[in-house]
Amino acid sequence: MAVGRRGFVHFRASTSRLLVPGASAPRLATGPIFWQPAPTLAAAARPYITVVKYQREDVLAKLDDFRAEVFSTNWADYLNLVYNVPFWESELDKLTSIVQPYLHEPEVGAKFGEVQELMDVL
């Protein structure tokens, strides 16, 4: 603790004064005032595990519904696009993850490619 020119008291975070019984002058503590344990490695690395599974028909239905919703919107309405595009991008991210097991199939791969092209044009 130090007193400045205008009478303000300044505390230093790196050192603090401790009174030791039997000592004539206070000594400075060398350790930090606040101590937090370091995060462990196990808490820092968490695997992503999901149990959500979609059947092929459900994936195709979701792809068709999403394509129909985006394709049938009024693309000339700026306000409509401003409001809806962030939600569509989020839905496309979800569709991308659920369509992965079926991308090798020609029908699903073609529909998903068409949806991706539609979102690229948008």
Side-chain angles (χ1 to χ4, degrees):
M1 178 172 72
V3 178
R5 286 188 288 172
R6 298 183 185 198
F8 292 108
V9 177
H10 302 282
F11 293 98
R12 294 187 181 152
S14 62
T15 61
S16 63
R17 296 185 179 270
L18 297 175
L19 291 177
V20 179
S24 60
R27 66 181 177 102
L28 296 176
T30 58
I33 295 174
F34 300 106
W35 181 79
Q36 293 180 349
T40 61
L41 183 61
R46 296 179 60 185
Y48 177 74
I49 299 172
T50 182
V51 293
V52 178
K53 294 184 181 180
Y54 290 92
Q55 299 297 323
R56 181 180 181 276
E57 294 78 24
D58 296 337
V59 172
L60 285 173
K62 285 184 179 287
L63 278 172
D64 286 337
D65 292 343
F66 181 72
R67 183 199 171 276
E69 181 181 353
V70 174
F71 195 73
S72 66
T73 193
N74 183 5
W75 287 30
D77 186 4
Y78 174 76
L79 192 58
N80 182 27
L81 293 178
V82 167
Y83 286 151
N84 290 328
V85 167
F87 295 106
W88 291 341
E89 289 174 347
S90 174
E91 187 67 25
L92 181 64
D93 289 341
K94 292 177 189 174
L95 280 173
T96 303
S97 66
I98 68 171
V99 81
Q100 292 302 316
Y102 305 105
L103 273 180
H104 68 280
E105 297 179 9
E107 184 182 1
V108 178
K111 283 191 181 188
F112 187 66
E114 185 179 330
V115 168
Q116 282 183 323
E117 184 178 351
L118 181 66
M119 289 302 288
D120 287 342
V121 170
L122 186 66

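Keep in mind that the numbers below use all heavy atoms, side chains included, and drop hydrogens, waters and symmetry copies. No experiment lies behind these values; they were computed from the predicted model shown.
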Participant: Hey, could you give me each pair passing side-chain hydrogen bond (donor to acceptor under 3.5 Å, both in side chains) that has a residue in residues 105-115? Not counting sequence neighbours.
Facilitator: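 Sorted result for residues 105-115: Arg56-Glu105, Arg56-Glu107, Asp64-Lys111, Arg67-Glu114.
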
Participant: Kindly determine whether Trp88 and Leu81 satisfy side chain to side chain contact (heavy atoms under 4.5 Å, CB included), including the steps that lead there.
Facilitator: CA-CA 10 Å; Trp88 291 341; Leu81 293 178; 4.1 Å; yes

Participant: For residues 93-101, tabulate all N or O donor-acceptor pairs below 3.5 Å that involve a side-chain atom, not counting sequence neighbours.
Facilitator:
unit_1 : atom_1 : unit_2 : atom_2 : d
Thr96  : OG1    : Leu92  : O      : 2.7
Ser97  : OG     : Lys94  : O      : 2.8
Gln100 : NE2    : Thr96  : O      : 2.8

Participant: Are any side-chain N or O atoms of Trp75 and backbone N or O atoms of Val70, one a donor and one an acceptor, separated by less than 3.5 Å?
Facilitator: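 Yes; judged by distance alone, with no hydrogens or angles, the pair exists.
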
Participant: Which residues pass the side chain to side chain contact (heavy atoms under 4.5 Å, CB included) test with Asp77, not counting sequence neighbours?
Facilitator: Asn74, Leu79, Asn80

Participant: OH of Tyr83 to OH of Tyr78: how many Å apart, nearest 0.5 Å?
Facilitator: 10.5 Å

Participant: Is there a side chain to side chain contact (heavy atoms under 4.5 Å, CB included) between Met119 and Phe66 once you walk through the steps?
Facilitator: CA-CA 11 Å; Met119 289 302 288; Phe66 181 72; 3.9 Å; yes

Participant: Let me check something: do Val121 and Val115 share a hydrophobic cluster, defined by ILVMFWY side-chain heavy atoms less than 4.5 Å apart, either directly or through other members?
Facilitator: yes

Participant: Of the non-hydrogen atoms in Tyr54 and Tyr102, which two are nearest, and what is the gap between them?
Facilitator: O-OH, 2.6 Å

